[in-house]
Amino acid sequence: QDRNITMAVSIPAATHGWTGGVVYHAEQAEKEIEAAFPNIDVVLSTASSATAQVSSLEDLSSTRKLDALVILPFTSEELTGPVAQVKEKGTFIAVVDRGLADPSIQDLYVAGDNIAVGANTATWLSDKLGGEGEIVVLRGIPTVIDDERIKGFSDVIGKTKIKILDIQYANWNQDEAFKLMQDYLAKYPKIDAVWANDDDMLLGVIEAVDQAGRKDIKYALGGNGMKQVIEMVKEGDERTPVSTPYPPSMIKSAMYMTAAQFAGQAPMRGSFLLGAPLITPENADQFYFPESPF
Amino acid sequence: MSLATTTIAPAGEESRIRWADLAPFIALALIVLFGALVNSNFVSSANLLNVITRSAFIAIIGVGATFVISSGGLDLSVGSMMAFITGIMIMAMNYLAPAFGPWAIPMGAGVALIVGSLCGLFNGLIVTMGRIEPFIVTLGTMGIFRAFITFMTDGGSLSIDRSLREAYRPVYFGNFLGVPYPVLITFAVVMVGAFLLYKTKYGRRLTSAGSNVEVARFSGVNVAKVRTIAYVIQGFCVAVAAICYVPRLGAATPTTGQLWELQVITAVVIGGTLLRGGRGRIGGTVAGALILEVIANVMVLSDMVSEYLVAAVQGAIIIIAMLAHRFTANR
Amino acid sequence: MSLATTTIAPAGEESRIRWADLAPFIALALIVLFGALVNSNFVSSANLLNVITRSAFIAIIGVGATFVISSGGLDLSVGSMMAFITGIMIMAMNYLAPAFGPWAIPMGAGVALIVGSLCGLFNGLIVTMGRIEPFIVTLGTMGIFRAFITFMTDGGSLSIDRSLREAYRPVYFGNFLGVPYPVLITFAVVMVGAFLLYKTKYGRRLTSAGSNVEVARFSGVNVAKVRTIAYVIQGFCVAVAAICYVPRLGAATPTTGQLWELQVITAVVIGGTLLRGGRGRIGGTVAGALILEVIANVMVLSDMVSEYLVAAVQGAIIIIAMLAHRFTANR
Amino acid sequence: MNTVASSYRLPEAKAAVVALRAEGLGKAYGPITVLSDVTLDVLSGEVHAIIGENGAGKSTLMKLLSGYVAPTVGQLALESGPVDFANAVEAENAGIVLVHQEILLAADLSVAENLFLGREIGRGLMVDDRAMNRRAAELLARVGSTARPRDRVGDLPLAQRQLVQIARALLEERKVVILDEPTAVLANDEVAALLDIVRSLRDHGVAVLYISHRLDEVQALADRITVLRDGRMIGTWPGASLNQREMAELMVGRKLEMLYPHKRPPTTAAPILSVTNLSVDHAETKVSFSVSPGEVLGIGGMIGAGRTEAIEGLMGLRPSQAERVVLQGKEITNRSVGALMDAGLVYLTEDRKGKGLLLEQRLAPNLTLQALDSTNPGVVLDRRGETARLEKAVEDYDIRVRSLRLEAGQLSGGNQQKLLLAKVMLSDPSVIIIDEPTRGIDIGNKSQIYDFIDAMVRSGKACIVISSEMSELVGLADRVIVMRGGEIVAELRGEDINEENVVYAATTGGYGSAENH
Ligand SMILES: Nc1ncnc2c1ncn2[C@@H]1O[C@H](COP(=O)(O)OP(=O)(O)OP(=O)(O)O)[C@@H](O)[C@H]1O
Ligand SMILES: Nc1ncnc2c1ncn2[C@@H]1O[C@H](COP(=O)(O)OP(=O)(O)OP(=O)(O)O)[C@@H](O)[C@H]1O
Ligand SMILES: [Mg+2]
Ligand SMILES: [Mg+2]
C-alpha cells in the first residue's frame, strides 16, 4: 500500500543519556506508527549540532514533499528561520521541548518545562534544608536547556538563605561530574546538598561522595528521571529521595499527536506543556520504563 | 655530449602527477554517483544547490587551513574561533543597528574581518615567536575562544537583532543568476587563495618553509613572518565563513562551530595537501569539503542505517575513499 | 654545571639535554606550588591522591600514544576506542557473571585486552598497509568506535551487573600500602613501556622509523610492522585504562572518553615527545598527564574565574607552561 | 704533508676472485635512461675506482650494485652465482655495503644507535647499549672521528656525519665496500685516515669500489679504474696506466684546459666587506677579517675549526655578536640573510641537502627561492621569466638535466651543487661566500667553477672560499686565513700560500701568526 503521507522527525543525535532516550523513543514511535498507520511514512533524522540540523531540514524538505515535521530543535533562535522555510511549503509543524522564537510557526507544541525542573527541585530542597545551608551545583553543556534549569533553580534559591558555594560545568558527563565532585569535596569541608541538574551527572556525583565517605551531604539531587535514579527513588534512598521528570518520551507523544492529525480522528493543534512534578517513592512507578535506555 | 634537452619532458611523469591531483575530484564523483543511485532525489537541483551552499563554510575555512598546513603548521582553533567571531560580530551589529540601520551589517562584517585576522595573528605569533608546537598552541586557543563565546552568551545564545535579520538573510539564502551567494563568496576566496598560494612570492616562500625550514631560512625567507601571515589568512577566512554563517542561523551559541576543526583538516588532507607541509592544494580542499558534505547528505537521504551508526558509516566512507584513491593513484 | 659525572663530556652540552628532559617535571612542580599557594586544601593527601589516581587513565593511554607518536604516527581514536572497549567489556562481564561469578571480572578484562589490541591492529593496518595519513584514518575510526558504543548502549548507558560491582570496585578505589591500584597499574605500564621503548631492539627501530623512514627501511627495519605494533600497544594500553575505568562509575555511555584523544596528545607533547616522531619520553608523558589533571583541579579549588572562563584559563596555562619551559630550556 | 702517497700499486698477478659482477646493467626512470649496458667485474682485494662527470651515472650504478635500486635490465652475480637483490638489506647480508654520497642517517638518534640500527647487539629482545657504545667508540676511532657514541647525529657537523656513515660500513666483515665520494666533505687528515682504511680493507681481501672527483686520490689508490660517461661505460684501465690528466680527458671526452686560473695581481683596494670581532653561539672566541674587491679570500682549517659556524653567524643564521660589519662602505646593523643579500652579500652552504635545496620541489622554485625579490618586482611570480632563468642557469652552469621538470632531489649530487651555485648567484651579489665550492663537482666542471669565480672577482667583486681541499685554496686564493678552535691563527699571502703552511697552521696554530698579526 502506498504511503502517501510523509512525516519527518528531526532530533539531536544520541550524544548523552537524555538525547539517547529521545532517539530511542523516536525509533520506537517510528515502528509503531508505521505499523498502525499504513499510509504514513516516518523519516527519522538525527543531527549532532544546530548547523547539521538545519542541513538535514534542508535535505528533507528539498527532496520530497513533507506533510509534517516533528522537530526537537537544538536551539530556538537558530532553528526558527529554517523551520519557517519548511512551513512555507505547507508542512504541518510540531515542535517539541524548545519553542521557536516565533511561536506562530508551530502548529503543535509539546514541551517540557526546564525552568520548572530547576524551580521545583529548588523549592523541595529549600523546604528540606529549612531555607538555609550551603550547596554546590553542577552544570551541563552551555546551552539553552542548561541555562533555563539553572535560572529556575537559582531564582528560587536566591529568595532563601541557602548559599550556592560553587557552580561549574561538567558537560552532562558522568565522568567529569565525578571529578568535579571530588574537587568540590576537597574544597569545601561542609556541604549540605548537591544539585547535578541531570541524573547522568548525579551518578558520578554519588560515586565521588561515597568514595570520600562524607556524611555531611544530606541530599544529592539530579533531574530528568533517568531509570537508575528512579530505581533509587523507589527504593527510598535517603540522599536521593526525589527526581524531576523531563521525559524523553515527549517526542513520542508529539509524533503520535501528529499522526493522529493525519489519520483524521482529531485536529491536534495548540500547546501541551508537560509539568515537572517531583518524582517521589509514591509516584515513581509512573515514570519508570525499564526497557528504555535512559 | 648528447644531453637531452628541455623539450623532452617525460609524458609519463607528468600524467602521474596529474592523476594524483585529480584523485579527490574522482572520489567526489564516485560518491555523487553513489548518492544518485541510492536516492533519486539526490540529484535534484534544489538538493545539490543546498549541499554545495552548505559546504561553503568548511571550504572557506579550509582555504585558510591549506595555507597554515602547507606552511608546516596546524590550527585546531578554527571551530571555536568561528563561534567567537560570530559572537563578536552579532554584538557589534546589534550595537550599531539602532544608529545605522542596515548599514550595521557591513560594519559588523568589517569588525568580524578585523577580529578574525587578529585571532589568527595571535595564534601565529605564539607559534612562531614562542616556538611551540602548533598543535598545543591552537588546542589552547581553542579552549580560550570557546570560553569567550560561552562567556559572551552566558551559556545561552546570542541572536542578531530582528531588524537586521531580513536585510542580512540573502547573504546566505539569496543568489545571483541562480548561483547562491555563499557559493560566489567561496569562489572568490578560492580564487584569491589560489592566486596567493600559486602565483605570488609569498606562496612560494610559504611552501618552501613547509617543505624544509632550514633551506627556507638559509635562502633568506623570514619563516616566522611567512607562517604568521598564514595564520592571519586562516583567521580572515574564518571571519568570511562567519559572515556567511550568521544569516543562516541568526545566532551564536557556545556550541557553534564545534568540531569544525576536524572537518576542516579532513577536507584539506583529503584534498591532497600534505599534513607535514610543503604542498598545498586549494582546489582539492574544496573537493574535500564537498565530499564531507555530500556524504552527510547521502546519509540523511538514504534510510539505510540506524541513527546510532551514522558516524560509523561516515568514518568508514572517508577511509574507503582515501584507500581507493591511494590505490588508483598508485603511490 | 659542576655535575660530577664520570664521562668526559663537556658539561654544558650534557646538562642542557638533561634540562630539556626535566622541563615537564619542573612545570609540574611549579603548578603544584601554585596550587598550594592558591588553596591550602590542594596539598591535602586526600586531594593529591584523588588527582594522581584520576590522571592514571590519561597517563596509561599516553604511554601507548608515546609509542605511536614517536613512530611518526598519531591516534585520534583513543577516546572512542576506550568507550567501545568499556562497552564490550561490560557486556562480556555481564554475560559471564551468572556462570562464573566474580571470575567474570578477570575474564572480561582479558576480553578487553584482546579487543583493544585488535582495535589497535585495525588502525595500524589501515595506516601502514593503506599508506593513509594517520590523522584521517584515526579520525575515521574515532567516528566508528563512537558510533558502536552509542549503538551498544542505545544512546543510554550500559551498567555492570550489580553482583560484580562490589568485587570490582577496589580496582579503582582500593589501595596497596596506601598506594591506589590505578597508580600501581600506571607504574607497571610505565615501567614496561619505558623498557620496551628504551631498552629493546623494537624501541630503537620504532624511534628510527619516526626519525627517518628511509634510513630505517634501508637499515632493514620493517617500518610497517614496527608502526603497526605501536598501534597495537596503543590499543592494549587503552584496554588497560578501560579496565581501571569501569569500576569507577560502573557504566559505559556514549560520552565516555570524549575528547580524551586531545588530552592524551597534549600530555604526550607537553612531556617532550616530538609530534613529528623520532623522540619519545615516557616519563614526560606521565608528567604531562599529571599537569593536565592538576590544572583542572586547581581551577576548581581556586575561586578566581567565572565558570564560563575555566576553559580559557586552562588553555592559557598550558600555553604559558610551554612558553616558560621553552625559554628556560633556552632552545 | 701531502695526504696522497705517490707510490703506485700494480694489480696482483695471482688469480683474481670476482666478488661482484655486473652484466649489461641498465637503469631507466620512466622514459629517461640514466645508465645502460654496464658490464663490470669487481675483484676481491682490489680498489676499483669509478670516475665520471657529474650525472654520468656513478651513484646510480652503485645503488644498483648494492640493492638500493633495482636495475631495469641486466644481471648481478656474486662469486656464488647470479643474484637479484630485493632491497639493500639483502645486499648487505650478502656482504655488499654502500656508503652514500648524500648522508643517510636518522638525525634524532645517537651515533651508536645509527651505527647499529637494524643489527643491534643484545640478548633476545634487549639491546646492550654498553657493548654498542664501546664498539662504536672503537669504530669511530678507527675512522678518525671525534664524535662520541652518544652524540645525537643531527647535532654533528657534516664531516662527522660522513665519518659515522663510513664507520657503519666497517661494522661487519664485508665482501664489497662501496664508497660514493666519501672524501667530498672531509679535510686532509680525515682523508688520509680514510685512505689507510681503504688500503687495509683491500689487503684483507675486500673489494672496494671507490668514487671520487679527487683524481689524486684515485691515482694513489686505484688498482683499476672504470670510466663512465653519460650513462655509458667507456672502459676499464689498470690504475697505473693513467695519469690524472688522462683520467680527466677520458671522463669528459675532450682535451682539458689547465685547472686553476692565473692568479690576479694583488689588489690594493679598500675592503668591500670587513668584519670585526665576530663571536658565534656565545663563544669566547672572536674573529675579524676583511675582503677587498678583486680578491679571493680563502679560509682554511680542519673540520670543526669553526669556519662554517663563523660564517653562519655572520649571516645571522646562528646567534652571534659582532662589533662591526661593514659592507660596501655601509655599516650593517640588521644581519639577516635577506638584508645582507639586499646589501650584496650571499652565502652558499656546505650542506646542500639539509640547508641548500628543497629536494621535493622542482628546479625552478629552487633556483629562484633566494632571489625572489630581485627577480620579481611585484608580488606576482613571473613564471615565464622563471623558466627562462632556469634555462639560462642550466646553460651557464652546465647543469646536466634530462628534463627541466625534475625535482631537485632527482639531480645527481654534482648537478645539485651547480644548481645551488646558480641559486645564490641569481641575486647578482658583490660578495659571495662559498662553503666548499666544488664539493662533489667533477674535474671538468671544477675548472669551470674556478674560472667563474675568477671572472667574477676580476669584474670587481669579492669572494670568500671556505675549502677543506688544500690545493683548491692554494690554487684559487689571493690570501688565506687559517682557523683553528674558532679563532684565526694565521694569515698567508702570496708566496706563503702553499699546502704545507696551511696544514701546519691548521694543525698546530703555529705558522706565521707572529709575522701576520
Ligand atoms: N629518481 C630519478 N628520476 C629521474 N632521474 C634521476 C633520478 N635519480 C637520478 N636521476 C638522473 O640520473 C643521472 C645520473 O645520476 P647519478 O646520481 O648516478 O650521477 P653521478 O655520476 O653520481 O653524478 P655526481 O658526480 O654528480 O654525483 C642524472 O642525470 C640524474 O638526474
Ligand atoms: N666531533 C665533533 N663533535 C661535536 N661537535 C663538533 C665536532 N666537530 C666539530 N664540532 C663542532 O662544530 C664546530 C665547527 O664545525 P664547522 O662545521 O663549523 O667547522 P668547519 O671549520 O666549517 O669545518 P668543515 O666545514 O670542514 O666541516 C666546532 O666548533 C664544534 O663545536
Ligand atoms: Mg653521485
Ligand atoms: Mg664547514
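Proteins get letters first, then strands, A, B, ... in listed order; numbering begins at 1 in each.
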**Q.** Greater than 12 external heavy atoms within 6.0 Å of Phe236(B)'s CZ
**A.**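 Not more than 12 within 6.0 Å, no.
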(Q) Check this for me: Phe122(B), atom CZ, are more than 12 non-hydrogen atoms of other residues, nucleotides or ligands nearer than 6.0 Å? (A)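 No - once you tally the heavy atoms of other residues, nucleotides and ligands closer than 6.0 Å, there are 12 at most.
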Please examine the side chains of [Y] and [X], heavy atoms only from C-beta on, and report whether any two atoms are closer than 4.5 Å.
X         : Y         : answer
Thr349(D) : Glu214(B) : no
Gln361(D) : Ser208(B) : no
Glu312(D) : Phe218(B) : yes

In terms of heavy-atom pairs under 4.5 Å with chain B, which of [options] leads?
options                                   : answer
Asn376(D), Leu357(D), Asp373(D)           : Asp373(D)
Gly354(D), Ser336(D), Gly55(D), Gly338(D) : Gly354(D)
Val379(D), Val424(D), Val380(D)           : Val379(D)

Pairwise distance [atom1]([X]) to [atom2]([Y]) - rounded to 0.5 angstrom:
X         : Y         : atom1 : atom2 : result
Leu381(D) : Tyr202(B) : CG    : OH    : 13.0 Å
Arg204(B) : Leu358(D) : CZ    : CG    : 10.0 Å
Arg383(D) : Lys199(B) : CZ    : NZ    : 4.5 Å

Q: Starting from the C-alpha separation in whole Å, work towards a yes-or-no answer on salt bridge (Lys or Arg N to Asp or Glu O under 4.0 Å) for Arg279(B) and Glu407(D).
A: CA-CA 13 Å; Arg279(B) 188 176 79 192; Glu407(D) 288 167 12; over 6 Å; no
**Q.** Contacting region of Glu395(D) [heavy-atom separation from chain B under 4.5 Å]
**A.**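 No part of it gets close to chain B.
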Q) Non-hydrogen atoms of chain B under 4.5 Å away: do they reach the side chain of Lys353(D), the backbone, both or neither? A) backbone
Q.
Is Phe195(B) close to chain D through its backbone or its side chain, or both, or neither, when contacts mean heavy atoms under 4.5 Å?
A. side chain
Q: Using modelled atom types only, decide if a donor and an acceptor are shared between the side chain of Lys201(B) and the backbone of Gly378(D) within a distance under 3.5 Å.
A: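 Side chain of Lys201(B) to backbone of Gly378(D): a pair is present.
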Q: Please report the closest heavy-atom contact between Val337(D) and Arg217(B), naming both atoms and the distance.
A: CG2-O, 3.7 Å
